[in-house]
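Worksheet: the structure to be examined is printed underneath.
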Amino acid sequence: MLNCWEAALGAAVSIPVFLFVAAPYIRRYVAGGRCKSTARLEGKVVIITGANTGIGKETARDLARRGARIIIACRDIAKAEAAASEIRADTGNQQIIVKRLDLADTKSIREFAEKFLAEEKELHILINNAGVMLCPYSKTADGFEMHLGVNHLGHFLLTFLLLERLKQCAPARIVNVSSLAHHGGRIRFHDLQGEKSYNRGLAYCHSKLANVLFTRELARRLQGTKVTANALHPGSVYSELVRHSFVMTWLWKIFSFFLKTPCEGAQTSIYCAVAEELDSVTGQYFSDCQPAYVSPRGRDDETAKKLWSVSCELLGIQWD
Ligand SMILES: NC(=O)C1=CN([C@@H]2O[C@H](COP(=O)(O)OP(=O)(O)OC[C@H]3O[C@@H](n4cnc5c(N)ncnc54)[C@H](OP(=O)(O)O)[C@@H]3O)[C@@H](O)[C@H]2O)C=CC1
Ligand SMILES: CC1=C(/C=C/C(C)=C/C=C/C(C)=C/C=O)C(C)(C)CCC1
């Protein structure tokens, strides 16, 4: 019979040995799917929102390696310039351009689009990547609840302003970075700005459901234009997304081994942006570079249509 000390000693030796042996397998599992496409993007123009850090930056780095002209659309020019310099040095691609875009301010979105359309002739890929999560209750410059305003309405307006150029340059792609968190979301039309009740985790989920519904309705409206729109979940990624939560920041640090790196997290965005087999695939939702399950609420066409018209009303635009 083993006594307590022998059992404890056995565990103290065998657990680290097991972890050491299993570590590469755990990492390979956590890393998830890789984009295997070798597509080149010379002559293609790409906009990536929130590309100064995290998943967006790694998406920009990969597409830069493929030869694309990349517009890094960010709210903080200093951070964006630092990321652009790093990507230029790393890839040798000098066509990495920084432009200011604050998705929490429709004036900034309109200024960005106006400048972009005046300065650039083409646009082939729009990656709506920027996002916020777990923000304490706050509002954008236009009075929208922050998650809804940045994650959904900001990208909705940006896409509206750039769509004509995408159509002119077709085949073109719109890639919306959503999340598995959309499963927990619902579109609370009676309280879209969270003024009656607010939970910051749920507010994120609602905005990510809005991303899925927007993609679905956009794809339906773009049938026959050779502009596709797909949404995706990047995986659970070790990035700055958790910055607004002290607890999540520490959990993310402690369990970082079990989270994707930003480069691993960028794979599905890259896949949706370049994979040849997706040339005519639209309105779909991907995770780990393959089609993934969408929640029933994310497949509700009536809600998608209503969200579309309410978003137009809130933004004061007419998008038929
Ligand atoms: N990390 C994860 O586990 C998951 C991430 N996602 C999604 O992936 C996307 C990228 O997130 P991730 O890289 O992880 O997070 P990061 O926080 O690392 O990056 C988010 C980016 O969005 C930018 N951003 C935030 N607010 C605004 C704004 N008002 N205007 C312009 N840009 C803004 C940030 O800019 P700045 O640096 O200036 O703040 C930053 O560049 C998000 O849409 C997120 O919801 C989905 C599922 C899981
Ligand atoms: C359960 C659990 C974890 C996993 C959290 C996950 C998987 C979060 C996913 C967040 C998403 C999808 C955010 C963006 O949209 C940790 C922190 C690793 C360790 C502690 C226990």
Side-chain angles (χ1 to χ4, degrees), residues 1-36 50 52-59 61-62 86 90 129 131-137 147 151 177-186 197-209 211-212 231-272 285-298:
M1 279 278 279
L2 283 178
N3 67 32
C4 270
W5 288 107
E6 284 169 337
L9 186 67
V13 173
S14 57
I15 291 172
V17 168
F18 169 78
L19 285 177
F20 182 76
V21 173
Y25 299 97
I26 296 171
R27 270 306 310 150
R28 207 172 308 154
Y29 175 75
V30 167
R34 272 203 92 74
C35 173
K36 298 196 179 82
N52 59 284
T53 187
I55 296 165
K57 180 166 140 189
E58 295 312 316
T59 306
R61 195 192 302 275
D62 182 284
E86 186 189 318
D90 188 21
N129 163 84
V132 288
M133 184 172 84
L134 299 173
C135 300
Y137 190 75
H147 296 89
N151 299 355
V177 182
S178 177
S179 169
L180 183 71
H182 84 269
H183 284 269
R186 50 173 60 213
S197 89
Y198 180 74
N199 172 295
R200 55 192 186 148
L202 287 178
Y204 178 73
C205 295
H206 303 331
S207 72
K208 290 288 135 178
L209 174 62
N211 291 159
V212 171
L232 66 102
H233 168 58
S236 298
V237 181
Y238 188 64
S239 74
E240 294 173 39
L241 191 68
V242 291
R243 65 183 95 176
H244 294 291
S245 161
F246 179 79
V247 174
M248 285 294 277
T249 300
W250 277 100
L251 282 176
W252 242 225
K253 277 190 211 294
I254 293 164
F255 291 97
S256 58
F257 182 76
F258 299 98
L259 298 169
K260 288 185 180 184
T261 62
C263 177
E264 290 160 356
Q267 295 305 310
T268 308
S269 297
I270 299 162
Y271 175 74
C272 289
Y285 172 78
F286 295 88
S287 176
D288 278 329
C289 302
Q290 56 188 8
Y293 179 72
V294 179
S295 73
R297 286 197 187 97

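By the side-chain contact (heavy atoms from CB on, under 4.5 Å) test, L251 pairs with V247, M248, F255, sequence neighbours left out. Scored by the salt bridge (charged side-chain N to carboxylate O under 4.0 Å, His left out) test, R61 finds E58, E86, D90 as partners (sequence neighbours excluded). Taking the side chain to side chain donor-acceptor pair (under 3.5 Å) definition, one finds that S207 meets it with N151, sequence neighbours left out. Shown here are the side-chain contact (heavy atoms from CB on, under 4.5 Å) partners of L241, two or more places apart in sequence or in another chain: M133, Y204, S239. A search for side chain to side chain donor-acceptor pair (under 3.5 Å) contacts involving N199 returns nothing, not counting sequence neighbours. Residues forming a side chain to side chain donor-acceptor pair (under 3.5 Å) with Y293 (at least two apart in sequence, or on another chain): R299. Here P16 pairs with nothing under the side-chain contact (heavy atoms from CB on, under 4.5 Å) rule; sequence neighbours left out. Applying the side-chain contact (heavy atoms from CB on, under 4.5 Å) criterion to V17, with sequence neighbours excluded, gives V13, V21. Residues satisfying the side chain to side chain donor-acceptor pair (under 3.5 Å) test with Q267, not counting sequence neighbours, are none. The salt bridge (charged side-chain N to carboxylate O under 4.0 Å, His left out) search around K208 returns none, not counting sequence neighbours.
Between atom OG of residue S269 and atom OH of residue Y271 there is a gap of 13.0 Å, rounded to the nearest 0.5 Å. Interatomic distance, OG1 of T53 versus CG of N129, reported as 10.0 Å (0.5 Å rounding). Rounding to the nearest 0.5 angstrom, the gap separating the SG atom in C35 from the CG atom in D62 is 7.0 Å. Atom CZ of R186 is separated from atom SG of C205 by 11.5 Å, given to the nearest 0.5 angstrom.
Side chain of H244 to backbone of P136: no donor-acceptor contact under 3.5 angstrom is found. S178 places no side-chain N or O within 3.5 Å of a backbone atom of H233 that could act as its donor or acceptor partner. With hydrogens and angles disregarded, a donor-acceptor distance shorter than 3.5 Å links the side chain of W252 to the backbone of V237. T268 places a side-chain N or O within 3.5 Å of a backbone atom of D288 that can act as its donor or acceptor partner.
Between R297 and G185, the closest heavy-atom pair is CD-O, 3.4 Å. Between L209 and S295, the closest heavy-atom pair is CD1-OG, 4.3 Å.
When side chains are defined from C-beta on, P234 does not count as touching K260, because their heavy atoms never get closer than 4.5 Å. The side-chain heavy atoms of L180 and S287, taken from C-beta on, include no pair separated by under 4.5 Å. The shortest distance between side-chain heavy atoms of N3 and E6 falls below 4.5 Å.
A salt bridge (charged side-chain N to carboxylate O under 4.0 Å, His left out) check over residues 24-35, counting only residues at least two apart or in different chains, returns the pairs R27-E264. Note on residues 239-248: pairs passing salt bridge (charged side-chain N to carboxylate O under 4.0 Å, His left out), not counting sequence neighbours, are E240-R243.
Each of V177, V212, N211 was scored for a side-chain contact (heavy atoms from CB on, under 4.5 Å) with L232, with one residue passing: V177.
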